[in-house]
Asks: 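The structure is given below, and queries will be raised subsequently.
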Amino acid sequence: MAAGVKLLRFAGGFVCGAAVSTASCVAALRLHRAEPEEPRAPSPDTVSEVQQLIGRFGLPETGAEVRCYANHTLSYDQSKRTPRWVAEHLTNQKLQGQADRKHCRFRADPDIPACFSAGNDDYLGSGWSRGHMAPAGDNKQSERSMAETFYLSNIVPQNYENNAGFWNRLEMYCRELTQRFQDVWVVSGPLALPAEKDDGTRTVSYQVIGKDSVAVPTHLFKAVLVQSSNTTDQSAAPVQALGAFIVPNRPIGFERKLRDFQVSLSELEGVSGLTLFPKLPRGGGGGGDGPGGVADLCELDGCQLMGYKEFTLYLTGRKVGGARSLAKLEQLMAELRRQGIEPDDYLNKLYLKKKEQLTNQEPPQGTAGAG
DNA sequence: CGGTCGACCTGT
DNA sequence: ACAGGTCGACCG
């Protein structure tokens, strides 16, 4: 909304960065907040003594530390058995490759303690699909990195239709951004948002599935940051744009636009409890909404997902590529036309190529042939 | 691209 | 006989 003039104020503003640990954040607060005469302030020695006593048997551990994989990074939620957030960096270069998800299998993350880990059996027959946060399709370049996205530490229970449809198209849009921007950063994760009851009270409620009680998110979020250096003037500051989205974990049809689900970065941060891209310069504007100097992704790039026709053509192309018989091949093309969609040049060429390939490997049958 | 499921093979 | 892993058919 606030697309007007943005003021940059550097004076004295400091961001309560999440780049620091909780402990040092508390320490920072103590430093900055002028605490009025604390009575009986304990001497440092006493503090240390007290702390040692409190921590005698160790302090609670959350298991939320940052975990690094070949091409994604995440923080895990041991209570929900899902990630809290998953971050990745995309470039056009990194999206090239032949890695194939057919060689991958969902499995428990070997680095997550078994007692806090989800298992495949939690998901199977639960009514929910296993939805990637860092998508497999972002890891064509490496079998290893693709295999790691199938660890259940990167997975949340997701509505089937949402996963294969709207969310899938959102992931495709993120990949498409690498054609127009040099660097793309994406942070994705699950949310359990409160719902308002009839009496006006708000309550957080979410289903859990399987023996491990994996939490089913009510919504999913994605924060997308893009950057390109100025092609005409290399010395100019790079152009940056950011979009934040909150998507309900249920079927979403083609009539809905991505922009319908866009929220401000600060709103997403508020509901998620995360500080996203904490090192990104923030605007000091009164609203405190949106980073200063960073454009709105949807105003800059449109945030247009594939439409029905385009998406169906794309899916048919993928299926044609994987067809194993001439009969199946023809059935795919017939189904496309039945839906009133004419194949484009790309699909026609793919079809002819596949037809030739299958004809050669599948000798003509039915006519006076050897069995 | 995103998924599930059942048939089938393997090892104990 | 049964658990577990692979593979191919299927759906949006």
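Here is how names work: the chains are called A, B, and so on, in the same order as the sequence lines, proteins then strands, and each is numbered from 1.
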Asks: Could you check whether A/His219 and A/Phe261 have their ring centres less than 6.0 Å apart?
Replies: no

Asks: Pick base, sugar-phosphate or nothing for A/Gly317, based on heavy-atom distances below 4.0 Å to the nucleic acid.
Replies: nothing

Asks: Applying a 4.0 Å non-hydrogen cut-off, can you work out what A/Gln158 is touching in the nucleic acid: base, sugar-phosphate, or nothing?
Replies: nothing

Asks: For A/Ala99 and A/Trp128, find the nucleotide of DNA chain B closest to each by heavy atoms; which residue's nucleotide sits nearer the 5' end?
Replies: A/Ala99

Asks: Hey, does A/Gly165 reach any base, or is it just sugar-phosphate, or nothing, if we go heavy atoms under 4.0 Å?
Replies: nothing

Asks: Within this structure, what is the CG-CE distance for the pair A/Asn71 and A/Met146, rounded to the nearest 0.5 Å?
Replies: 10.5 Å

Asks: Contact list please: residues 303-315 of chain A against DNA chain B, heavy atoms, distance less than 4.0 Å, in numerical order.
Replies: A/Tyr314, A/Leu315

Asks: Flag the pair A/Glu335 and A/Arg338 as a salt bridge only when some basic side-chain nitrogen lies within less than 4.0 angstrom of an acidic carboxylate oxygen.
Replies: yes

Asks: Does the distance from a Lys or Arg side-chain N to an Asp or Glu carboxylate O, for A/Asp122 and A/Arg81, drop under 4.0 Å?
Replies: no

Asks: Look at all strands and tell whether A/Arg175 reaches a base, only sugar-phosphate, or nothing, counting heavy atoms closer than 4.0 Å.
Replies: sugar-phosphate

Asks: Can you measure A/Met146 atom CE to B/dG3 atom C1' for me and round it to whole angstrom units?
Replies: 14 Å

Asks: So, are A/Asp111 and A/Arg67 salt-bridged, with charged N and O less than 4.0 Å apart?
Replies: no

Asks: Taking a hydrophobic cluster as the set of Ile, Leu, Val, Met, Phe, Trp and Tyr residues connected by side-chain heavy atoms closer than 4.5 Å, whether directly or through intermediates, do A/Tyr173 and A/Val224 fall within one such cluster?
Replies: yes

Asks: For A/Ser228, which of A/Asp183, A/Val239, A/Val184, A/Leu177 qualifies under side chain to side chain contact (heavy atoms under 4.5 Å, CB included)?
Replies: A/Val239

Asks: Nearest whole Å is fine: how far is B/dG3 P from A/Arg169 CZ?
Replies: 15 Å

Asks: Please identify the 5'-most and 3'-most nucleotides of DNA chain C with any atom under 4.0 angstrom from a heavy atom of chain A.
Replies: C/dT6 to C/dG12

Asks: Rounded off to whole Å, could you give me the CZ-to-C1' distance for the A/Phe254 and B/dC1 pair?
Replies: 12 Å

Asks: Between B/dG2, B/dC1, B/dT4, which one does the side chain of A/Arg130 approach most closely?
Replies: B/dT4

Asks: Return the set of residues passing salt bridge (Lys or Arg N to Asp or Glu O under 4.0 Å) with A/Arg256 (not counting sequence neighbours), or none when no residue passes.
Replies: A/Asp260

Asks: Is there a continuous path of hydrophobic side-chain contacts, each under 4.5 Å between heavy atoms, that joins A/Ile246 to A/Leu276?
Replies: yes

Asks: Figure out the CG/C1' separation between A/Asn168 and B/dT4, and round it to whole Å.
Replies: 15 Å

Asks: Specify the separation, in whole Å, of atom CG of A/Leu347 and atom C1' of B/dC1.
Replies: 15 Å

Asks: Distance check: side-chain N/O of A/Arg101 vs OP1/OP2 of B/dC1, anything under 4.0 Å?
Replies: no

Asks: Atom CG of A/Leu124 to atom P of B/dT4: distance rounded to whole Å?
Replies: 7 Å

Asks: Hey, does A/Lys140 reach any base, or is it just sugar-phosphate, or nothing, if we go heavy atoms under 4.0 Å?
Replies: sugar-phosphate

Asks: Could you check whether A/Asn163 gets within reach of a base, just the sugar-phosphate, or nothing at all, counting any heavy atom under 4.0 Å?
Replies: sugar-phosphate

Asks: Please report the distance, rounded to the nearest Å, between CG in A/Leu350 and P in B/dC1.
Replies: 13 Å

Asks: Could you check how far CD1 of A/Ile252 sits from C1' of B/dG2, rounded to whole Å?
Replies: 15 Å

Asks: Look at A/Glu148 together with A/Arg144 and state whether they make a salt bridge at an N to O cut-off of under 4.0 Å.
Replies: yes

